[in-house]
Number of protein chains: 2
Amino acid sequence: MTEDAAGDPWRVTEKDFRAQVRTSRRTGRAAAVVTVATVEGSAYRRPGAKMLVPADGGTVGAVTAGCLEDPVVDLAREVIEAGRPRLETFDLMDSGDDSWGLGLGCNGVIDLLVEPLDASLDHPLATLADGEPSTVLTVVDSADDRHVGNRLVVDPDGTRREVSDREPVPGAVRDAVAGTVDRLHGTGEARTVAVETDGGSTTVLVDSLQPLAELLIFGSQNDLPPLAGLAADVGFRVSVHSPRGAVDEGTFPSADAVTTGHPSTVADSVRADEHTYAVVMSHNLVDDRIAVETLLTETGVPYVGLMGPRARFEELRESMAEGGEPLPQSALDRLSTPVGLDLGGGEPMEIALSVVSEVLAVSNGREGGRLRDHDGPIHPRMSDE
Amino acid sequence: MTEDAAGDPWRVTEKDFRAQVRTSRRTGRAAAVVTVATVEGSAYRRPGAKMLVPADGGTVGAVTAGCLEDPVVDLAREVIEAGRPRLETFDLMDSGDDSWGLGLGCNGVIDLLVEPLDASLDHPLATLADGEPSTVLTVVDSADDRHVGNRLVVDPDGTRREVSDREPVPGAVRDAVAGTVDRLHGTGEARTVAVETDGGSTTVLVDSLQPLAELLIFGSQNDLPPLAGLAADVGFRVSVHSPRGAVDEGTFPSADAVTTGHPSTVADSVRADEHTYAVVMSHNLVDDRIAVETLLTETGVPYVGLMGPRARFEELRESMAEGGEPLPQSALDRLSTPVGLDLGGGEPMEIALSVVSEVLAVSNGREGGRLRDHDGPIHPRMSDE
């Protein structure tokens, strides 16, 4: 987390949030976790957005556009005190001032799951830290309130797992939501599902969590730290693979991991293919060629950005062709060169902005371009809408 | 300048650079200014890129991709000592290792103007700080070296002005470059021009400087500081106009200026129309409507981004129509809603990235799609190429 993020919950990313939750668990700091369960009308944050409220003060993250934060913090403290999860509904539609908001966070009905931070999240967080997805099922409403807070966790392979500190979701409820769970697992989406069983009505929050998107930067030159820093600020896990000699971890303070080695070993620095986006910028033609070939042929990373003008890539491609088989079109489709979105800036920070924006767009299946020129919703639709 | 920028010359923006030059002048700190005059082949930084080398250590900004910085700093210290400007040529083509670079900063021939920081830049910097363009003419080469460092400054209205601490550019040379000067003035481009006069061959660096692009944010909510912070990091001058009550300057530490007042007074916060990009995000429908109308009808700002979904804008447009004349198409063309590039992220920092990227793209006449899908050069061509 950057200095700025430390002082401003609104600059907190999912990465910062998870790090803070892990630290709170490790140090035994009492806290509540607030999760957006459902939203009616428009709200600034979507289902699955989270806020950590430590008992000793402060907040990490945000669940609304600021209009609800005070009552939510009060509620979180009550929940820490009582030790029991609660679902609370906040209705902002009826504020009597219909000029406020209209679709921007302070206008809508929002259901928040507020729960004590306990051991039940340890397993999902460890799974995510290993680069694998995890889905958390939580009963947020039941006929007699008895089951609220009951929890199951879905392992990467789909196995349901009971977790410490929580009763499991009742079997009939678990079976009733199985289809939704399988559909959402690995997507990063969150939604509530209401089911009827012999035990009555039950509402379950299905919260699909994905590992952080990772930016793997191949290089070691002076234009690397601005890119690493910006990517970290925006919430990417950042790793650096330096092809030239030993590099101190302190050289790239924004990086979560730094490795050194021959360009062909860059593949070993990819933790989870599908969540890794690579940018190749060693400024050395031979090193760059080996890194690009390795990433495209030995890994399944969805994106390899290559810094430099088109002419440089053509030279690189020719030297690839001399060495043997040309790269198949399916590999070239994953290559992005010239790297970045077309923003036109030439300063190092502007180039970093262009690259991080492209990586974020690709990670979300977008093409950049101006939203005003597009049709359709700003945010991706849920997978089964 | 951010903490990070202070420690890393590569995160320094034009904004940071100008601030550091002004501070050095104010405090009487001896320093040299290094300017990229010409580049043959490819180089990381373009003509006009600058580095400040204070006599007491450190550097601010960068003129190459790191391969030249040490010899340039040595040269700068010699120039501070000698008190006389010099043009120095660095030839990196002949490094004997043709795998290095190829178009990325350590491969090319680069001419650098190295000069002592003196009073001759005070007037241009003051002009730029007032939101007006300034062009600096400097003799970088002449038959007998006698005129190297001679300088003239072009005022916003085109008037040529002599400046302290430097002999003026000889009249015949001034006349010979007049066409280039008039063409470049206000464009932000830099180039050298060789002319023949009765005095012999003379080369002049025509360095057109523009005021910083300014991001004017209308609002006061929690999603404002992440946007202001990111815009400042990338090099925008940032100003905030808050429509709701008094706001302490400390509320928005990344902002260079903070004003408060009725939404209709937002126009007063626009310093220089053509260099100002506005984002409207008060989250209040009435305030936003007044701010959008005011900016589009009472100012010439080229861009008004409106935060929120399309439906919200339709509501806002209907309430505009009820009040009188609908906005003309020429005004609507400057409106960008939904604001931002299509990156798909929903976290506050991701939204900030999307908005800052759009503003940078618009300020450079770009559309923000992926560079790999475009033809043509990455950087804009010079105006008369």
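Every chain is numbered from 1, with letters handed out A, B, ... down the list of sequences. Every heavy atom of this structure was used, including side-chain atoms; hydrogens, water molecules and symmetry mates were not.
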*Asks:* Over all heavy atoms of both residues, which pair between L371(B) and V339(A) is shortest? Give the atoms and the distance, please.
*Replies:*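 L371(B) and V339(A) have their closest heavy atoms at CD1-O, 3.3 Å.
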
*Asks:* For the pair N364(A) (side chain) and L343(B) (backbone), establish whether a donor and an acceptor sit closer than 3.5 Å, ignoring hydrogens and angles.
*Replies:*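 It does hold such a pair.
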
*Asks:* Measure across R11(A) and S254(B) and return the closest heavy-atom pair with its distance rounded to 0.1 Å.
*Replies:*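 Smallest interatomic distance, heavy atoms only, reads NH2-OG, 3.8 Å.
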
*Asks:* Might you point out which heavy atoms bring L332(A) and R372(B) nearest each other, and give the distance in Å?
*Replies:*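 Scanning both residues completely, I find the closest heavy atoms to be O-NH1, 4.2 Å.
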
*Asks:* V12(A) and E347(B): which non-hydrogen atoms are nearest, and at how many Å?
*Replies:*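 Nearest heavy atoms, V12(A) then E347(B): O-OE1, 4.3 Å.
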
*Asks:* In terms of heavy-atom proximity below 4.5 Å to chain B, should V359(A) be classed as side chain, backbone, both, or neither?
*Replies:*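 Neither the backbone nor the side chain of V359(A) comes within 4.5 Å of chain B.
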
*Asks:* Test of understanding: with side chain to side chain donor-acceptor pair (under 3.5 Å), list the residues that count as partners of E14(B), not counting sequence neighbours.
*Replies:*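 E14(B) satisfies side chain to side chain donor-acceptor pair (under 3.5 Å) with R18(B) only.
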
*Asks:* Given that the side chain runs from C-beta out, which part of E367(B) has a heavy atom under 4.5 Å from chain A: side chain, backbone, both or neither?
*Replies:*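 Looking at E367(B), backbone and side chain both touch chain A.
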
*Asks:* Roughly how far apart are H374(A) NE2 and D342(B) CG, rounded to 0.5 Å?
*Replies:*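 Interatomic distance, H374(A) NE2 to D342(B) CG, rounded to 0.5 Å: 5.0 Å.
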
*Asks:* Return the option, out of V234(A), L353(A), L230(A), T337(A), with the maximum number of heavy-atom pairs under 4.5 Å with chain B.
*Replies:*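 Of the candidates given, the most pairs with chain B belong to L353(A).
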
*Asks:* Any idea which heavy atoms bring L360(A) and E350(B) closest together, and the distance?
*Replies:*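 L360(A) and E350(B) have their closest heavy atoms at CD1-OE2, 3.6 Å.
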
*Asks:* Could you tell me which residues satisfy salt bridge (charged side-chain N to carboxylate O under 4.0 Å, His left out) with R334(B), sequence neighbours excluded, listed by chain and number?
*Replies:*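 If we apply the salt bridge (charged side-chain N to carboxylate O under 4.0 Å, His left out) test to R334(B), skipping adjacent residues, there are no hits.
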
*Asks:* Flag the pair L341(B) / R370(A) as yes when at least one side-chain heavy-atom distance between them is below 4.5 Å, and no otherwise.
*Replies:*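 Yes - at least one pair of side-chain heavy atoms lies under 4.5 Å apart.
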
